[in-house]
Amino acid sequence: MFASLSLGLALLPFVVGKTWDVQVGGPNGELTYTPEALSAAPGDSVVFHFNPKKHTVSQSAFATPCGLKDGGFHSGFVPVAANSTVDTRPTFSVLVNDTTPVWVYCGQASGTPASHCGAGMVFSINCPSGDAPNSFDNFKKAALAVGASLSAAAAAATASATATDGSGGYGYGAPAASPTVTAAYGGITIPAAPSATVVTVPITLDSSSTWTTVYTSYAGSPAATPVAAAGAVHTVVVGGVGKLTFTPDHISAAPRDQVVFQFQQKNHSVIQSSFADPCRKLNIDNSSAPAGFNSGFFPVDNTTTDFPTYTITVNDTAPIWAYCGQKLPSSHCGAGMVFAVNAVDDGPRNFTAFQNVAEVLNGTIAGAIAAPSATGSTTGTTGGALSVRVSGGAGAVVALIAIAASLL
Ligand SMILES: *[C@@H]1O[C@H](CO)[C@@H](O)[C@H](O)[C@H]1NC(C)=O
Ligand SMILES: *[C@@H]1O[C@H](CO)[C@@H](O)[C@H](O)[C@H]1NC(C)=O
Ligand SMILES: *[C@@H]1O[C@H](CO)[C@@H](O)[C@H](O)[C@H]1NC(C)=O
Ligand SMILES: *[C@@H]1O[C@H](CO)[C@@H](O)[C@H](O)[C@H]1NC(C)=O
Ligand SMILES: *[C@@H]1O[C@H](CO)[C@@H](O)[C@H](O)[C@H]1NC(C)=O
Ligand SMILES: *[C@@H]1O[C@H](CO)[C@@H](O)[C@H](O)[C@H]1NC(C)=O
Ligand SMILES: *[C@@H]1O[C@H](CO)[C@@H](O)[C@H](O)[C@H]1NC(C)=O
Ligand SMILES: *[C@@H]1O[C@H](CO)[C@@H](O)[C@H](O)[C@H]1NC(C)=O
């Protein structure tokens, strides 16, 4: 009795695990984790030391080396200045809970040809030995294959977009925009749109259904990893008693996902706009460019519980910007009632920046700002989008081709 009690105490709080140190990124900007793999016991800690550049430590699965695992750990993007001293650099720790293999990748430039993961920046804890099917070597090969496919698809899609688009292409591969542009009205300066990249990702949903998704993307936007062929459904509450908000006000969604806007009190709408011109319809000054979606107004009285809805389908991972068009008794958009899908959180065009532009242009100080002129708009233009079955028959290989220009 006494002996087993002391054994129990010895096993519980007094076991202190070993600490393993891993360098994230090399001293000269190499896209590596060092070491690449290690074996650790339950209770051990793995401490990741971030080197200059901007990397992540994100958990994936063996089968999907470059995508965040559901519920997996994620350090977020950790920028480190090139001139920082080693002892001031940030770290991220992961506790080892058991001996099952843990797969890790860097999420920087995810889904683009510049993907760090696609360049082989992967890591593993407790991976099986060299000749096993799920060895570290095979994991790294799978990551490199993702990178190769992203690069090849970007080149192929650029060619085919130009060939199939009657208007002569949407300008993929155009040089990066200048760092700032001036808003359509109001004379304020805002961050310019980043360049879009076209990417292709093959997705196997079950043994009988492989999809190849081609979509436009931006550094930092999410990967196209739908949970089902139909896509996921995101519900967004619009308004509500005493509320001028979209809840949630920004979401991350994959191509083929649906966003269901549920209109609550009082009388709101959801209209697509652009980052540079948050409170006016997309392409308002250009009738030859697509106008974007517009739900119209949904007046909802304060006793209703059966709320009307309006649904949009997400076609790619380029950001979608939207606002409530109600101006009575005062501008809802100017009060910050705006919404975004796939805004890049750690970039200059993040959701908060978008909301600020809306509040500055149409908010309480809007009276001081001159009305827009019909010309000189810097509103982004939007391309079309289409879904194409690229190969019929039993294989069920379908491509969702989303062709879009600067959706920002
Ligand atoms: C690193 O460089 C930046 C900009 O060049 C400078 O502002 C900062 O003080 C430098 N930091 C150190 C620790 O030298
Ligand atoms: C171990 O468990 C902790 C607490 O639940 C969790 O934060 C951590 O990510 C887990 N470690 C791994 C390698 O999954
Ligand atoms: C209007 O949109 C079309 C199609 O997107 C584009 O080719 C054209 O340059 C735009 N015009 C202006 C004035 O921005
Ligand atoms: C809802 O708002 C729109 C735009 O302000 C207005 O035209 C419409 O009459 C309103 N509907 C109701 C029922 O108040
Ligand atoms: C609903 O609206 C009516 C008329 O506008 C008002 O008298 C009533 O107090 C409101 N009820 C609630 C719960 O807000
Ligand atoms: C996605 O594509 C469909 C079909 O072309 C279109 O109706 C829809 O408006 C697009 N969604 C967005 C958010 O642009
Ligand atoms: C925002 O302000 C512009 C310029 O005054 C105006 O044209 C537009 O209708 C306003 N939009 C909203 C939703 O308040
Ligand atoms: C969000 O955008 C603003 C304005 O461009 C910028 O100052 C801020 O640093 C951005 N936030 C993040 C987390 O990058």
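In what follows, every heavy atom counts, from backbone to side chain, and hydrogens, waters and symmetry copies are set aside.
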Test of ring centre spacing under 6.0 Å for Phe48 and Phe123: yes
Under 2.5 Å between SG of Cys117 and Cys106: no
From CA spacing to verdict: side chain to side chain contact (heavy atoms under 4.5 Å, CB included), Val80, His55: CA-CA 9 Å; Val80 178; His55 299 293; over 6 Å; no
For the student: nearest non-hydrogen atoms of Pro319 and Asn342, plus distance: CG-O, 3.4 Å
Atom of Cys66, atom of Gly118 and distance for their closest heavy-atom approach: SG-N, 4.0 Å
Cysteine SG atoms at Cys333 and Cys279 closer than 2.5 Å: yes
Any donor-acceptor pair under 3.5 Å from Tyr105 side chain to Leu68 backbone: yes
Verdict with supporting geometry, Thr304 and Asp306, side-chain hydrogen bond (donor to acceptor under 3.5 Å, both in side chains): CA-CA 6 Å; Thr304 301; Asp306 187 15; over 6 Å; no
Minimal non-hydrogen separation, Thr313 against Gln258, with atom names: OG1-NE2, 3.9 Å
Distance-only side-chain donor-acceptor flag, Ser135 / Asp137, under 3.5 Å: no
Spacing of Asp277 atom CG and Asn362 atom CG [to the nearest 0.5 Å]: 8.5 Å
Beyond-backbone contact of Val96 with Asn126, side-chain heavy atoms, under 4.5 angstrom: yes
NZ on Lys69 to OG1 on Thr64, rounded to 0.5 Å: 9.5 Å
Nearest heavy-atom neighbours spanning Pro278 and Val357: CG-CG1, 3.5 Å
Reference residue Trp103; test side-chain contact (heavy atoms from CB on, under 4.5 Å); the match among Cys127, Ser58, Pro65: Cys127
Met337 vs His268, side chain to side chain contact (heavy atoms under 4.5 Å, CB included): CA-CA, chis, key distance, verdict: CA-CA 10 Å; Met337 188 170 179; His268 302 289; 3.4 Å; yes
Gap between atom CZ of Phe339 and atom CD of Gln355 - 0.5 Å precision: 12.5 Å
Separation between NE2 of His116 and OG1 of Thr56, rounded to the nearest 0.5 Å: 9.5 Å
Any donor-acceptor N/O pair, Arg89 side chain to Ser84 backbone, under 3.5 Å: yes
Flag, side chain of Asn51 to backbone of Pro27, donor-acceptor distance under 3.5 Å: no
Min side-chain heavy-atom separation Leu244-Cys324 under 4.5 Å: no
Main-chain N/O of Ala254 paired to Asp257 side chain as donor or acceptor, under 3.5 Å: yes
Polar contact flag, side-chain donor to acceptor under 3.5 angstrom, His49-Thr91: no
From CA spacing to verdict: side chain to side chain contact (heavy atoms under 4.5 Å, CB included), Gln23, Thr32: CA-CA 8 Å; Gln23 298 298 321; Thr32 52; over 6 Å; no
Geometric class of the His74/Phe77 ring pair [parallel <30°, tilted 30-60°, perpendicular >60°]: perpendicular
Minimal non-hydrogen separation, Ser124 against Phe136, with atom names: CB-CD1, 3.7 Å
Reported CD-to-CZ distance for the pair Glu36 and Phe139, which is rounded to 0.5 angstrom: 10.5 Å
Nearest non-hydrogen partners of Val233 and Val260, listed with the distance: CG1-CG2, 3.7 Å
Val270/Phe246 under side chain to side chain contact (heavy atoms under 4.5 Å, CB included): CA gap, chis, key distance, verdict: CA-CA 9 Å; Val270 56; Phe246 291 91; 4.0 Å; yes
Side-chain donor or acceptor of Gln262 paired with backbone N/O of Phe307 under 3.5 Å: no
Min side-chain heavy-atom separation Tyr33-Met121 under 4.5 Å: yes
Expected output: side-chain Gln59 to main-chain Val104 donor-acceptor under 3.5 Å: no
Enclosure of Lys266 NZ (heavy-atom neighbours >12, cutoff 6.0 Å): no
Phe293 backbone acceptor or donor facing Gln272 side chain under 3.5 Å: yes
Phe263 side chain near Ser295 side chain, heavy-atom distance below 4.5 Å: yes
Side-chain donor or acceptor of Asp249 paired with backbone N/O of Val338 under 3.5 Å: no
Separation of Ile320 CD1 from Ser273 OG (nearest 0.5 Å): 11.0 Å
Matching residue for Val22 among Val94, Thr34, Leu38 - test: side-chain contact (heavy atoms from CB on, under 4.5 Å): Leu38
Check: Tyr310 side chain, Val259 main-chain N or O, donor-acceptor pair, under 3.5 Å: no
Lys243 side chain reached by Val237 side chain, heavy atoms, under 4.5 Å: no
